[in-house]
There are 2 protein chains.
Amino acid sequence: MRDQHASPGIDIDQTQEPKTLVEAAYLRLRRDIIEGIYAPGEKLRVEHLKDQYEVGAGTLREALLLLVTDALVVAQGQRGFRVAPISIADCEDISHTRVLLETEALRQSIARGDDAWEAALVAAFHRLTRAEQKLCDNDDSTTEEWEKCNRAFHEALIAASTSRWIRHFQQILYQQSERYRRVSLFRQPITRDIHAEHHALFDATLARDAARASSILSEHILRTLDAVKRLPVDFFSQRA
Amino acid sequence: MRDQHASPGIDIDQTQEPKTLVEAAYLRLRRDIIEGIYAPGEKLRVEHLKDQYEVGAGTLREALLLLVTDALVVAQGQRGFRVAPISIADCEDISHTRVLLETEALRQSIARGDDAWEAALVAAFHRLTRAEQKLCDNDDSTTEEWEKCNRAFHEALIAASTSRWIRHFQQILYQQSERYRRVSLFRQPITRDIHAEHHALFDATLARDAARASSILSEHILRTLDAVKRLPVDFFSQRA
DNA sequence: TCAATAATTAATCTCGAGATTTCAATATAG
DNA sequence: CTATATTGAAATCTCGAGATTAATTATTGA
């Protein structure tokens with residue numbers, strides 16, 4: 001159901017098809033939660049969802065349990081499941097912790113990254129550039145494509161890090177921040193020049209300038225936080 | 001089944017009794033894995049374990065899924081569950097990541113901790129001191145008691161941290177390091193003066209000396225890593 | 001003797017139904 | 001009118017059996 005490799009390597013193998021109904025339901029549910037189809041704090045009733053996703057009750061429960069690992073769902077004994085709530089305080093926490101982890105991982109990558117890492121990073125940046133060019137033209141359809149490229153780029157940056165655990169935690173936090181990024185982009189499309197930030201980050205990393213790269217990455221992450229802070233406060237009212 | 005509070009607050013409420021069979025099986029299984037009753041890498045067969053723990057197969061599967069969240073169990077689709085493997089490289093990773101997270105959290109605690117935090121810390125240190133005094137006399141029976149006090153002390157240190165996420169990740173890593181600490185303590189009981197380290201850490205923290213406290217905490221964590229490194233290499237051979 | 005294939009065994013994955021608990025609406029007393 | 005208690009419905013938790021898949025052993029051919 002999940003990749004066995006290494007203690008913190010509890011990531012689903014995204015490339016190949018889901019091998020089990022639990023995994024399939026997990027992937028669909030995760031996408032729907034991140035996309036906001038189920039509101040933060042909303043109750044997730046197994047009886048209704050099992051029909052929605054066309055699986056048995058036990059299967060759906062297991063998918064929900066898998067989402068607890070990602071902290072996208074919270075479970076209480078005898079009181080079922082809920083979508084994990086969101087708040088400005090949580091977004092601040094996520095952003096600052098991401099800065100701590102990703103800058104450290106980036107320093108490790110820059111120190112120990114080999115040619116293969118550089119090549120993969122160049123490829124990821126190229127794909128991201130293309131996606132961001134398309135993003136200027138169309139609006140909706142390519143957003144999901146850009147999200148994948150953005151994620152791949154950030155992962156490629158720290159791929160040469162020596163710490164599996166940091167990368168594991170980074171993936172969880174990145175996924176969390178994706179929820180906030182969506183509501184932020186929806187309300188105030190894009191004001192800043194994200195591609196310029198990515199380009200500067202890419203250049204500094206390839207130049208092996210750890211200090212500058214870390215600094216740019218920090219500001220890059222915190223700028224997204226600022227965008228969320230500018231949202232109206234009632235945006236974070238949770239649904240029962 | 002789990003405490004609902006906050007996104008990363010996916011920790012079981014340890015204080016009160018388990019409210020569900022899944023939670024009870026989870027707690028028992030977790031203890032048995034950390035204590036090494038099931039060897040790292042060992043296959044966990046649901047059919048056998050359901051009799052051992054006297055629950056249904058589905059219930060035990062859910063408990064296993066919960067342990068995936070703690071990275072104590074790894075799951076592969078259609079190929080069942082295994083105890084997460086251990087290795088020297090993994091222990092190094094855990095230790096260094098703990099240093100990164102716990103020193104940051106400790107700095108936050110020292111900066112923002114109030115009187116209540118200080119009081120709780122003093123209490124935790126007192127209990128730890130008592131447990132370590134008992135540890136000098138007896139050997140086996142009080143080890144588990146000491147583990148609880150040690151954990152409580154480390155959590156009390158960072159309890160005033162502003163970051164729920166760091167505390168969440170710290171709990172996972174601490175639990176992981178507990179597995180290594182057990183095998184380490186079993187082979188070479190205690191050579192260094194752990195209590196002196198705890199005392200110095202406690203004093204520096206109460207003195208609000210963030211730099212010194214972080215430094216002591218770093219060395220404290222890395223010393224445990226050194227003990228694991230001194231173990232014979234064949235200790236990490238995994239069982240099929 | 002070794003490799004490849006086929007049959008057997010075992011374990012996992014999946015589903016539906018029953019027991020227990022929680023939640024909500026209604027009724028009743030102060 | 002408010003607060004408490006009661007009743008009913010909904011949802012969760014749990015279990016056992018059947019279907020699907022992986023691992024093991026045995027067999028056959030080179």
Side-chain angles (χ1 to χ4, degrees), chain A residues 1-5 10 12-13 16-29 33 38-39 41-69 72-85 238-240, chain B residues 1-5 10 12-13 16-30 38-39 41-69 73-84 238-240:
Chain A
M1 169 185 326
R2 289 192 161 217
D3 190 20
Q4 67 165 338
H5 206 316
I10 352 175
I12 287 234
D13 193 347
Q16 56 194 9
E17 289 299 297
K19 288 278 189 289
T20 186
L21 285 185
V22 171
E23 187 175 331
Y26 160 77
L27 290 173
R28 291 180 57 194
L29 262 167
I33 289 175
Y38 304 109
E42 182 176 347
K43 199 153 198 325
L44 296 169
R45 291 179 181 82
V46 176
E47 288 299 310
H48 297 169
L49 265 46
K50 79 184 176 76
D51 301 328
Q52 179 85 16
Y53 293 92
E54 295 172 323
V55 292
T59 303
L60 192 77
R61 279 183 63 84
E62 293 197 5
L64 253 12
L65 251 10
L66 245 21
L67 284 163
V68 170
T69 300
L72 290 171
V73 164
V74 290
Q76 315 170 68
Q78 304 284 37
R79 287 203 283 175
F81 301 87
R82 283 182 178 277
V83 179
Q238 315 275 318
R239 190 189 303 178
Chain B
M1 168 188 330
R2 290 191 162 216
D3 189 18
Q4 69 165 335
H5 207 315
I10 352 176
I12 287 235
D13 194 346
Q16 57 194 8
E17 289 298 297
K19 288 277 190 292
T20 187
L21 285 185
V22 171
E23 187 176 331
Y26 161 78
L27 290 173
R28 292 180 57 194
L29 261 167
R30 188 178 68 176
Y38 304 110
E42 183 176 346
K43 201 155 196 322
L44 296 170
R45 292 180 181 81
V46 175
E47 287 298 310
H48 298 169
L49 265 46
K50 80 185 177 75
D51 301 327
Q52 179 86 14
Y53 293 92
E54 294 171 324
V55 293
T59 302
L60 192 77
R61 279 183 62 83
E62 293 196 6
L64 253 12
L65 252 8
L66 245 20
L67 284 163
V68 170
T69 302
V73 163
V74 290
Q76 316 169 68
Q78 304 283 36
R79 285 202 285 174
F81 300 87
R82 282 182 179 277
V83 179
Q238 315 275 319
R239 189 189 303 177

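Reckoned from all heavy atoms, side chains included, excluding hydrogens, waters and symmetry mates. Residue numbers begin at 1 in each chain, while the letters A, B, ... track the order of the sequences.
The separation between B:Gln78 atom CD and D:dT21 atom P is 7 Å, rounded to whole Å. D:dT14 atom P lies 10 Å from atom CD of B:Glu23, rounded to whole Å. Taking atom CZ of residue B:Phe81 and atom C1' of nucleotide C:dA11, one finds them 12 Å apart after rounding to whole Å. Nucleotide C:dT14 holds its C1' atom 13 Å from the CG atom of A:Leu60, rounded to whole Å.
Contact annotation: A:Thr20 side-chain N/O to C:dT14 OP1/OP2 distance is under 4.0 Å. Phosphate contact (OP1/OP2 of C:dA10, side-chain N/O of B:His48, threshold under 4.0 Å): absent. For B:Arg79, no side-chain nitrogen or oxygen approaches OP1 or OP2 of D:dT21 to under 4.0 Å.
Going from atom OG1 of A:Thr69 over to atom CG of A:Leu64 covers 11.5 Å, rounded to the nearest 0.5 Å. Expressed to the nearest 0.5 Å, how far CZ of A:Phe81 lies from CG of A:Leu72 amounts to 13.5 Å. Within the model, atoms CZ of A:Arg28 and OH of A:Tyr53 stand 6.0 Å from one another, a figure rounded to the nearest 0.5 Å. Atom CG of A:Leu44 and atom CG of A:Leu29 lie 7.0 Å apart (nearest 0.5 Å). Here the straight-line distance linking atom CZ of B:Arg45 with atom NZ of B:Lys50 works out to 15.0 Å at 0.5 Å rounding.
Residue contacts shown for B:Leu44 are limited to sugar-phosphate atoms, with no base heavy atom under 4.0 Å away.
Checking D:dT12, C:dT12, D:dT14 against every side-chain atom of B:Val22, the shortest atom distance belongs to D:dT14.
Every residue meeting the side-chain contact (heavy atoms from CB on, under 4.5 Å) condition with A:Ala24, not counting sequence neighbours, appears here in chain and number order: A:Pro18.
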At a cut-off of 3.5 Å, list every protein nitrogen or oxygen paired with a nitrogen or oxygen from nucleotides 15-19 of chain C, distance to 0.1 Å.
from, atom 1, to, atom 2, distance (Å)
C:dC15, OP2, A:Gly56, N, 2.7
C:dC15, OP2, A:Thr59, OG1, 2.9

